[in-house]
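Here's the structure, in structure tokens; my notes come after.
Atoms considered below: every heavy atom in the structure, side chains included; atoms not considered: hydrogens, waters and symmetry mates. Chain letters run A, B, ... following the sequence lines, proteins first, then strands; residues in each count from 1.
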Amino acid sequence: MTISGSKHSQFVGIDLDASFKGIAGDYGVWFNEISVTEFVNLRGDSTHSGFLTGVQRVTGVELPVIPNTVVRSGGLSCHWLGPDEWLMTVKKPEVSIMQDLEDSLSGLHIAVTDLTGGQSLFGVGGRQSRDVLSAACTLDLHADAFAQGSCAQTILAHSNVLITPAFQSSGDCVFEVLVRRSYADHLIRWLMDAAHEDGFEFRLDDNSGLD
Amino acid sequence: MSSQRLPSGGRINRGRPLEFFFNGRRYEGFEGDTLASGLLANGIRLFGRSFKYHRPRGLFGSGSEEPNALVQLGEGASTIPNLKATQVELFDGLSARTVVGWPSLEIDLYAINNRIGRLLPAGFYYKTFMRPRFLWDWYEGRIRHAAGLGFAPTEPDSARYDKRNAHCDVLVVGAGPTGLMAALVAGRSGARVIVADEQAEMGGDLLSSTQHVSGACPWMFLDNLVKELSLMDNVMLLPRSTVSGYYDYNFLVINQRRTDHQAGIGDIVSRERNWRVRARQVVLATGAIERGLVFADNDRPGIMLSSAVRTYINRYAVRPGRTGAVFTNNDSAYQTAVEMHGAGMEVKGVIDVRQRPSQERLLQMDTLGIPVYSGHGVGGTRSGRQGLRAVELCRLSADGRDVLTQKGSLDCQVLAISGGWNPAIHLHCQSGGRPKYDDDQACFVPDKSVQSERSAGSALGIFQLGNCLSDGVDAGVHAVRETGYACAHIDIPYASDRTGSAIEPMWNVPDGVLPGRGGKKFVDYQNDTTAADIALAAREGYRSIEHVKRYTALGFGTDQGKTGNINGLAILAQHLGQSIPATGTTTFRPNYTPVTFGAIAGRELGTVFFDPVRKTPMHDWHVAHGAVFEDVGQWKRPWYYPKGGETMESAVRRECLATRKSIGLLDASTLGKIEVRGRDSAEFLNRIYTNAWSKLEINRCRYGLMLGEDGMVMDDGVSSRLGDNHYYMTTTTGGAAHVLGWLERWHQTEWPELEVFFTSVTDRWAVASIAGPNSRSLLDRLCSDIDLSAGAFPFMSLREGSVAGISARLFRISFSGELAFEINVSADDGVALWELLMEAGGEYGITPYGTETMHVLRAEKGYVIVGQDTDGSVTPADLGMDWIVSKTKDFIGKRSLARSDMLRDSRKQLVGLVTEQPETVLPEGTQLVNEPSTDYPVPMTGHVTSSYYSSTLGHSIALALIKGGHTRMGASVYAPTLDGQCIKAIISSPVFYDPENKLHKT
């Protein structure tokens, strides 16, 4: 099974049957592709009340101003990237916030930039997901240090990524990894290799997080 | 060779015998043995030859301090050189060889060096092989053959090596009694703990001990402790893991050996793992290493550290010989006499340099019937075929400096020696801490902590078991409190310690003969460094211990002088007439023990994982259509698309002609793309680019050059105006990240008042560029909502619309000189667009082309590539691009352009070159001269930056930077080639194709 030429897949060219069992006899890690219908990069002045309310008017959520945090609501996530920069992901095909943000914030010094298509988002889950990510990631991924509601921009296998832990009701954690599209193929191959001992599989289902 | 295995005891599994091979001979040992203990149990005493003198050597230690017993493990691609037999765990089928000894260990012809040793003093090689210089290569080969240790594999190692990053509250280094207690406290308190120990089994000295703890035998105590720790989720136990380096901010590196102790594990599990640990608190429970004594002929096989003798007897149930003696300057070795006696060895005596050993010890020996020779030293040793046979006794003067009388000899096969203990302060020192000399214990101990670490137990100079256990608890409590956990209760175990080691330093045991006349007194066994070498260094004027180290090789090698360094520096101190602390130690650098290159590299190797490979959305199409790729930065770009066995040359000719005659298609997705938004965008661009941007109309494009502060061309690209305060910048493929950082730097540090934001959109757009006379016709068929006519959509403008239903931004820009359109669509639509263009372009013979054709086409047009035709020393004027440099506004680099050197007539300037022979293509990078002279050196006048055969023009073309080139049109230059030819070329304009830009107006 190969998703070839599928318009939105970042796993193009990767054999999705390439899963194999690790030394424990199972798949310690799984990867899945998370389809996002809109990626929006937002720049603006968070000390300007008109800006915050303008964003909230469109998204229904308060823009996170605490560094390295994410706010999620109804298929929409706002990631803090910097004092004046956020990344928004929309996972509902029927929703688009690009133009609404432009309209709602018009007159302010802002930049709303559509990044859809330029970003890849995938989930890394399973018993050994932390172990596999720690092969390439220098951050502390322990649940105490990297809790629900956190996100972090870091380097994973020499690629710039945004990692967001998403805890499921079972307590299991899925790490959502956002990477520039051109790096996605490299990164997935790197992680498949890192999962050499733990075993991995691809999952097609797309229920990665809580939002 | 009779079996020396004791009938019972030891931490070996007698139910699991193992077969192994040493120097081709078969032996048997047990699970739990090391190669060293396995061989010793088989009666093997000769383990190797020394590095320089090729003297027979046996085991000296029992762990990572071992200087002598170096082996080459395994064969072929996975072989490892210079492992210490004391650290190699036995497994079934293990095969090892000694590393020194030619042609064999038993008959080593280089042992002649021992006879002529007096001719080979410290610095011998430096002094002897200096001249004549040209003979060095020959000398080097001979020396390496004589002195080499093991060999590196010549084939690639197929094993995996990997890395893990880890974080913990408490990292405990060393799992001896101290470390385990610290880990227990931290573990019970709920802290995240990592315990790393270099041995296969946790326990440290407890593994070799017979001393009871809290009333229980030490192994029962140990097993319970390790079991409790292993059941804690918050504790990770890493055996076979050496903390090899301690770096800033409590960052430590652990080298874990995962498979070398097992046979046939396959390639699933990595062979070694490099742990990179950030610890909030570190407990250094690294223990102490016994040091030897420096006396004449102290290197016979059978002369071992007292602690090693104890370890072989207790831990491995091996008797190192039938008869033994002890030579010491402190109390700790008396216990070894007890253990030797208990193992059924005939103990001939304890030779103690101290005049008055403690009464308690004397009584203890008296009970066992072991004579004690107090105030005595070993003046020399004699060897038989299998190593030590006898030691010569001498009575020492009260100050220990002279021999009073020779006192006969003791026949013994084993001499257990102890010169005191060196706390393993390596990691403390690597962390930035200093060593401090402790006069009472005659050793260096850790001074104040610099990072969040604490040394504990023997590493701190605490040599009694009971004190180590309680100090381990203290260290654990300290670490737990510092990391904010509530400390769990713990009962401190007790052990009945005998008091004090009562050491009396003895750095250089006198032998009663003139200096340099008696047997060699080895300080560093691995490097064959003797006390006489150190004395020589001092006589020759060496004062710094660092210099003496490098002159005599003291402390180099795989053991890094763990048993000899302190003796060596104390001997130097004596010769220099200064104190030990004034002499100081050499620098403790990572790594504590050798780390393989595989572990350092991990998975970051080869073409797949060394560096990211960036792919465009159309990448798989290119692969499917036979593209050959070129690396451009991290990107893979199609280089050319050979058809049916075409060479690169013919493929590029075909692609060029197809583009010039009909349509070529290029994947230009890799260009850097940055959206610039905000009220001050135009002002910002004015400051960044050399040309003016204020008057650029919406939907128009402009080419721009960026300079560094030095006035040199840094990057270029076309930027477009999308809206009132909205621009779209493109950069070179390789310069994208740098340019974004450049913009942010200037904005954040110099002009924060400007309202402007930059957002990278490089990956967001897939870009297909169609170029050639038929490109408009093709686009007309696919695009209905944009008027593509030259009047409505002129050169250097952009339009938004759709191409075959795909929403797109179209730019009329050209890097080929042809009529061209760059079609930007969402990356998601890249493949679809590409395939539609290929399909619709079929009737025009649309031809995909790669970067090589792109380079030829742009060179024909005289367009430069920043980084190929420029090299950081080229100004806009050098490129003949004065026209793009504004005279009225300021911009980065402007002031530099006014420097006198920038106005020099003789600067290298960009010109074209046409070779006299049309088919001859100048090599890129070749130097140019004005005359075809052989009167070397010929002055250079410039160099070729780009060079191709132009099939469109029917002759070769080149771009070159030539001194004063702009004023030398029509002049001849010559390119000397490596084969002695000289190619003649004529300087021309760099624009070879459509110099009037007629095609832009079509």
Side-chain angles (χ1 to χ4, degrees), chain A residues 4-10 12-13 20-23 39 41-45 84-85 108-120 131-142 144-146 156-160 179-187 189-190 193-194 196-197 199, chain B residues 160 162-168 192 266-270 273 276 278 602-604 608-617 619-621 623 634-636 669-670 673 675-680 725-726 737 755-766 825-832 835:
Chain A
S4 177
S6 162
K7 169 164 146 160
H8 293 290
S9 178
Q10 63 243 224
V12 169
F20 73 82
K21 290 175 179 168
I23 45 176
F39 288 97
N41 182 281
L42 176 67
R43 306 291 299 267
D45 180 0
D84 60 2
E85 185 170 13
L108 299 177
H109 173 41
I110 53 119
V112 182
T113 310
D114 183 9
L115 297 180
T116 313
Q119 307 284 316
S120 295
D131 178 62
V132 166
L133 286 172
S134 76
C137 178
T138 57
L139 294 182
D140 190 353
L141 301 172
H142 192 278
D144 293 347
F146 198 37
L156 196 60
H158 309 287
S159 316
N160 286 296
V179 66
R180 285 180 173 216
R181 180 194 189 99
S182 57
Y183 288 94
D185 177 82
H186 160 78
L187 189 54
R189 286 174 199 273
W190 212 100
D193 180 76
H196 194 74
E197 287 176 25
Chain B
R160 290 173 67 87
D162 65 8
K163 294 179 187 176
R164 287 293 184 271
N165 297 286
H167 297 257
C168 63
R192 291 163 65 192
D267 64 350
I268 301 279
V269 176
S270 63
R273 177 166 283 181
R276 299 148 47 83
R278 192 74 71 174
R603 299 297 295 158
E604 284 136 311
V608 185
F609 297 125
F610 186 70
D611 200 33
V613 173
R614 296 181 74 178
K615 295 178 179 173
T616 74
H619 182 87
D620 286 355
W621 189 96
V623 173
Q634 292 174 325
W635 289 95
K636 288 281 177 207
S669 306
T670 61
K673 310 172 199 74
E675 294 228 0
V676 182
R677 279 193 69 171
R679 201 173 53 194
D680 298 316
N725 298 312
H726 193 175
E755 282 198 351
V756 60
F757 285 126
F758 316 99
T759 309
S760 170
V761 290
T762 300
D763 288 61
R764 183 251 183 277
W765 297 100
V825 298
S826 167
D828 282 338
D829 298 320
V831 174
E835 287 176 343

Check: For A/Asn41, is it the side chain, the backbone, both, or neither that has a heavy atom closer than 4.5 Å to a heavy atom of chain B?
Finding: side chain
Check: Checking B/Glu604 against chain A: side chain, backbone, both or neither under 4.5 Å from a heavy atom?
Finding: side chain
Notebook entry, point to check: Charged N to carboxylate O below 4.0 Å: is that the case for B/Arg278 and A/Asp140?
Noted result: no
Item checked: Residue B/Val756 versus chain A: region with a heavy atom under 4.5 Å -> backbone
Margin query: Between B/Arg160 and chain A, with a heavy-atom cut-off of 4.5 Å, which part of the residue counts as in contact: side chain, backbone, both or neither?
Written below: side chain
Check: Looking at B/Phe610 versus A/His158, is the centre-to-centre ring distance below 6.0 Å?
Finding: no
Item checked: Options B/Ser270, B/Gly678, B/Ala166, B/Ala766, ranked by heavy-atom pairs under 4.5 Å with chain A, top entry -> B/Ser270
Note to self: Using heavy-atom distances under 4.5 Å, tell me whether B/Thr670 contacts chain A through its side chain, its backbone, both, or neither.
What the structure shows: neither
Next item on the list: Side chain from CB out, backbone as N, CA, C, O: work out which of these in B/Arg164 comes under 4.5 Å of a heavy atom of chain A, or both, or neither.
Entry: both
Checklist line | Residue B/Trp765 versus chain A: region with a heavy atom under 4.5 Å | finding: neither
Checklist line | Proximal component of B/Glu755, with respect to chain A [non-hydrogen, under 4.5 Å] | finding: both
Checklist line | Ion pair B/Lys636/A/Asp185, N-O distance below 4.0 Å | finding: no
Checklist line | Heavy-atom contact with chain B under 4.5 Å, split by part of A/Ile110 | finding: both
Note to self: Whether the side chain of B/Glu675 engages the backbone of B/Val761 through a donor-acceptor N/O pair (distance < 3.5 Å, no angle test) should be reported.
What the structure shows: no
Next item on the list: Please state whether the side chain, the backbone, both or neither of A/Thr138 comes within less than 4.5 Å of a heavy atom of chain B.
Entry: both
Note to self: Less than 4.5 Å to any heavy atom of chain B: does that hold for the side chain of A/Ala135, its backbone, both, or neither?
What the structure shows: both
Next item on the list: Taking all non-hydrogen atoms of both residues into account, name the closest pair between B/Asp828 and A/Arg181 and its distance.
Entry: OD1-NH1, 2.8 Å
Next item on the list: Using non-hydrogen atoms and a 4.5 Å limit, figure out which bit of B/Ser669 sits close to chain A: side chain, backbone, both or neither.
Entry: neither
